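In what follows, chains carry the letters A, B, and so on, assigned in the order in which the sequence lines appear, proteins first and then strands, with residues in each chain numbered from 1. Keep in mind that this is a model prediction, so the values were computed, not measured.
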Amino acid sequence: MIPFLLINLVKIACVIGVMLTVVAYTVLAERKVCAWMQDRIGPNRVGPMGLLQPLADGLKFVFKEDVLSHHVNKVYFTLAPMIALVPALITIAVVPWGSQLMIPGLAEPVKGVIADLNVGILFVFAISSLGVYGIVLAGWSSNSKYPFLGSIRSSAQMISYEVCLGLSVVPVFMQVGSLNLSQVVEYQAHHVWLGLCQPLSFFIFVVSAFAETNRLPFDLPEAEQELVGGYHTEYSSMKFAMFFMGEYAAMFVASALMVTLFFGGWSLPFAPFNVPAQTLGVGLAHIGIFLVKVCGFLFFYIWVRWTIPRFRYDQLMALGWKLFIPLTLLNILISGVVLTLMSK
Amino acid sequence: MQVERPKLTIWERTYLPQILHGLWLTLKHIPRRKFTRQYPEEKPPLYGAYRGAPTLVKDPEGRIKCVSCQLCEFVCPPKAIRITPGTRPDGSPDANVEKEPKEFVIDMLRCIYCGYCEEVCPEEAIFLKRDFAIAGYKREELQFNMEKLLELGGVQEDSIWKWKYKGAPPPDAPAAPKREAKVS
């Protein structure tokens with residue numbers, strides 16, 4: 001019992017630590033990549049090549065005044081940023097970071113996932129849909145019009161796209177035959193990456209994930225030009241920083257899910273990376289492979305953000321309800337037919 | 001006027017070709033040459049008639065050219081210049097010039113860099129040079145006195161030698177450099 005707790009606490013600490021570091025550096029990468037795409041240099045004054053910029057930003061957030069306007073509902077106003085950040089941190093618990101680690105001195109290999117749940121993906125959807133509460137509460141408790149409009153948009157958008165998101169991954173689990181994310185990865189390690197056999201699933205999942213994480217081209221909840229700051233207009237200091245971190249943590253989770261479901265998780269399609277690790281080195285390499293893939297998707301997020309303009313609200317809703325939901329249903333039908341025929 | 005909308009194919013109506021083209025475009029810009037000027041280290045190029053801070057200049061023999069006629073003080077639109085006139089002592093080699101400024105203050109907080117002082121000066125003693133980043137921690141620091149203005153102005157290498165040689169250059173003077181628009 002005690003070793004179990006200890007191992008899991010160490011795993012949680014490592015995962016949260018790595019995740020928050022990656023989140024901090026994604027913010028820097030966002031600014032850098034956007035600058036490069038616009039023929040600029042980007043932040044380069046703090047530390048070599050601006051690498052200490054996230055530290056400076058964090059310090060700035062800590063020392064900024066925490067404005068609590070008199071017209072806000074103080075309890076929900078304080079609660080909202082926490083609710084926005086925490087679900088993203090929880091959902092990463094079921095994502096397998098690696099296969100297994102053979103730690104010397106331990107009888108059993110340590111699994112590369114914190115919680116090896118059999119309902120993995122359901123857990124992810126259940127928790128991540130709580131994230132919308134943070135945004136709705138923020139908009140409502142702010143008692144001012146722009147946050148309110150932003151949060152209304154956001155709730156409609158996130159609820160619509162959760163349907164697409166959920167339906168789009170159904171064919172993946174039909175093919176794998178399990179909801180456990182570790183088994184999804186092992187299936188891909190043995191057979192083929194699911195992004196190749198389920199391209200439509202993958203495409204709709206990626207687009208819906210963009211909408212779920214409120215990223216451009218679907219960042220209507222915080223559309224700066226029309227809504228000032230959207231749902232976090234009234235926030236400042238660390239409370240704002242928590243929304244900010246929540247957004248990037250959600251990006252991280254979405255990227256991790258894309259990698260896990262469609263791009264083979266920790267595996268590469270050749271030995272020794274296509275089977276669970278038998279040595280410590282390979283185990284660590286698996287985690288590295290996973291992180292590199294996730295970073296690739298994070299770059300894709302940034303790349304898309306600085307390329308595509310924002311959708312109009314009716315376009316967003318039309319895309320979700322009129323196009324993606326019928327397409328996902330059709331995709332489930334076709335996958336079912338094909339899988340039945342192939343199993344015969 | 002009716003504008004015929006182009007008929008889009010189904011592939012075009014998915015917007016995917018435009019999105020992919022856009023993604024390719026932004027990707028192409030990543031390795032391109034950057035246009036950022038890293039300001040404090042890299043100064044911007046200043047062209048010929050640039051009007052920076054007004055300064056007082058000395059002639060090639062190190063004499064203050066200003067004779068405190070106060071024309072610049074009178075012409076200055078924001079009244080940034082304040083001159084306290086004084087006389088040159090009788091025994092000095094330039095006693096025939098009679099006047100020189102005892103104190104010459106330009107309030108850089110008021111100066112609008114119009115260049116009227118340079119234009120009006122009959123002695124070519126005041127020039128707008130190229131200093132443009134004028135900043136200080138206190139208002140008093142930006143009251144440039146004569147010492148500071150002379151330091152900023154330096155020696156003006158020009159062909160006017162009117163005090164000693166009645167307008168002609170000295171026999172042994174080096175060929176006077178022509179005043180030309182410099183690009184720094």
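- The environment of B:Glu41 atom CD is dense: over 12 non-hydrogen atoms of other residues, nucleotides or ligands sit within 6.0 angstrom.
- A search for ring-ring contact (aromatic ring centres under 6.0 Å, His included) contacts involving A:Phe252 returns A:Trp97, not counting sequence neighbours.
- Shown here are the ring-ring contact (aromatic ring centres under 6.0 Å, His included) partners of A:Phe262, two or more places apart in sequence or in another chain: A:Phe202, A:Phe205.
- Counting non-hydrogen atoms of other residues, nucleotides and ligands closer than 6.0 Å to CD of B:Glu147 gives a total of 12 or fewer.
- A:Phe243 pairs by the ring-ring contact (aromatic ring centres under 6.0 Å, His included) definition with A:Tyr231, A:Tyr235, not counting sequence neighbours.
- Taking OG1 of B:Thr36 as the start and CZ of A:Arg40 as the end, the distance is 7.0 Å to the nearest 0.5 Å.
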| task | Could you go through the side chain to side chain contact (heavy atoms under 4.5 Å, CB included) check for B:Tyr15 and A:Leu319 one step at a time? | result | CA-CA 12 Å; B:Tyr15 299 116; A:Leu319 186 73; over 6 Å; no
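- Along residues 296-303 of chain A, the residues that come nearer than 4.5 angstrom to chain B, judged on non-hydrogen atoms, are A:Phe299, A:Trp303 in order of number.
- By the 4.5 Å heavy-atom criterion applied to side chains, B:Leu25 and A:Thr307 are not counted as neighbours.
- Counting non-hydrogen atoms of neighbouring residues, nucleotides and ligands closer than 6.0 angstrom, the NZ atom of A:Lys60 exceeds 12 such neighbours.
- Within 6.0 Å of CZ on A:Arg45 lie more than 12 heavy atoms contributed by other residues, nucleotides or ligands.
- Interface remark: B:Gln18 contributes no atoms to any contact with chain A (heavy atom separation under 4.5 Å).
- With a threshold of 4.5 angstrom between heavy atoms, A:Ile41 approaches chain B through its backbone and through its side chain.
- For the atom pair CG (A:Asp39) and CZ (B:Arg33), the distance works out to 8.5 Å, reported to the nearest 0.5 Å.
- Side chain to side chain, B:Arg32 and A:Gln38 fail the donor-acceptor criterion of an N or O pair below 3.5 Å.
- Atom NZ of B:Lys102 is surrounded by 12 or fewer heavy atoms from other residues, nucleotides or ligands within 6.0 Å.
- In B:Trp11, the CH2 atom is crowded: over 12 heavy atoms of neighbouring residues, nucleotides or ligands sit closer than 6.0 Å.
- The number of heavy-atom neighbours closer than 6.0 Å to CZ of A:Phe125, taken from other residues, nucleotides and ligands shown, is above 12.
- Both the backbone and the side chain of B:Leu27 have a heavy atom closer than 4.5 Å to some heavy atom of chain A.
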